[in-house]
Amino acid sequence: MESSRPALGARLYRWAVGPLELSVEALVLVASLFWAVSANRLFFAGALAERSWSDPSAWGFAAALVVLVVALHAALLGTLATRWTVKPLIALLSVAAAAATFYVEAFGVVMDPSMLRNVLRTNPAEAGELMTPALWLHLALYAGVPLLLLWRVRVAPRPWLASAWRRAALLLLATLAALGALMTVFQPFASLMRNQKELRYRITPASLVWSTGAVLAADAKGASRPRQAIGEDAAAGSSWALRRKPLVVVLVVGETARAANWGLSGAPRQTTPQLAALPVVNFTDVSACGTNTEVSLPCMFAPVGRRDYDEDRIRGQQSLMHVLARAGVAVQWRDNQSGCKGVCDGLPSETVASLQLPGLCADGHCLDEGLVQDLDQRLNSAQGTQLWVLHMLGNHGPSYFRRYPARFARFRPECREDDLRRCSIEQVVNAYDNALLYTDEVLATAIRRLQAHAGAVDSALLFVSDHGESLGEQGLFLHGLPYPIAPEVQKRVPMVLWTSAGLEQAAGMRSGCLGPELQRRARTPVAHDHLFHTVLGLLDVRTALYQPELDLTGTCRTPSAP
Ligand SMILES: [Zn+2]
């Protein structure tokens, strides 16, 4: 007998390919549930790390956390979504959550506002190196599948009043569920959030929305007013009138070089053979201001540093370069990375890529040699007092092997993958150390050129890295963890100073003070905080901002050694 209803196969087929009709509110709930289980593994793992599953209270705590995460996302999305925006919003947040969880799980990074600032400021060449097959696979699974399902959903149209009621009910329900869950576990939850502040940034994608909002709000606040002038009293020191030669200070800002692998600082293997053969002062215990470029760079050029760190204040003010320019120093920023982060706003700057050097650039990146290639010409035509800042690409990860030419691949086997997880730790460290060998070459080349011109130009070269790097220790890679929880390897950086024989006299320093005295100082703890004041000292620029105790050559201005 023939049935009047379609066959089961046909019904299944229609269900599988036909439109799926849902209300905005139902869609919000489904998406919130999906994110809770797909993107919050590390949040739950971290929150439950100290508990045993044989303890019944652990199950109650876990259940409350799940309700909390679902309710939080339902409230967030329920507030933002309309019938027309709900699908694009879910699509965008699903892709963002999938990409974020990939990096968080692979490298142990934390998606706080400072990391989001890094992500939002990444240039296309940097981003390209992060697009690995493993990422695409992860995106296909955690974003592609939900996007396919979402594409099939048709948002049910409803009369205005009915949808307003439903929305109010959803928000009320989400709020009550969150409050209820919170009340049942308030004590342990509050202490967890106090003790592990970074855990809140593992609630995904809510943390991405929060961090992006925080960055945009801070930028909007900063953009609405011009940078506040600092050091308006800056003036040439008394030594300037006595100089017979030009004075050039070269400040090399390193990238991701960590002290733990720096040959001069006693690393297990020699990664700085050329610098070791030159008369340089190596500072062995230097603390970085931040653990990523976006924090460290502005901080290094600010008078306040880490000891009195205030991000808004630093971003809202002029930098060391503006102070020097005001005193009559000719300043220039040459960049081989992602820009000067506001440090050189309105001042002369150029990129290595714009110099069109043959054979040095590929895939949007240039080798760091490009920073120093024309040093002879620059020194030949140097006049007056100058500061040349060279911003390296250095050890920018994860593709360390792209940072040096083949002849520097001395430590082998080296990791030649953009995706670090496809290599052994040994291969990753080898590639990282090869990149340090190349930094050693670039710095030594610059110093030898300065030495060769020392008869005509007094000079100094100061190199300091912006932050360190994790190379697999405790399962962590790259950098950017919040400062209080970041491992030492992300916070300790190399710093090297070389000065020409004529510098002491040119900068009005006591004769001989840059010798053994400074070598002794170089073995004591110092920080990025010293950079601002030390450069003022090397160039003999006077301002009320100058703090002699933070000038590493500060004792050179006192009559005799302490
Ligand atoms: Zn950096």
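Here the structure is a predicted model, which means the values were calculated and not measured. One-based numbering, in listed order, for ligands and for the atoms of each.
Vertex the Zn ion (ligand 1), arms ending at OG1 of Thr293 and OE2 of Glu255: the angle is 120° after rounding to 10 degrees.
Checking His467 against the Zn ion (ligand 1), an N/O/S atom falls under the 2.8 Å cut-off. Residue contacts to the Zn ion (ligand 1): Gln337 brings no N, O or S atom closer than 2.8 Å.
Taking the six-membered ring for Trp and thresholds of 30 and 60 degrees, Tyr432 and Tyr400 have ring planes more than 60 degrees apart, a perpendicular arrangement.
One finds the NZ atom of Lys341 at 8.0 Å from the CG atom of Asp335 (value rounded to the nearest 0.5 Å). The CG atom of Asp440 sits 5.5 Å away from the OG1 atom of Thr272 when rounded to the nearest 0.5 Å.
Contact of the Gln332 side chain with the Val389 side chain is not registered, since no non-hydrogen atoms from C-beta on lie closer than 4.5 Å.
The closest approach of Asp466 to the Zn ion (ligand 1), by N/O/S atoms, is made by OD2.
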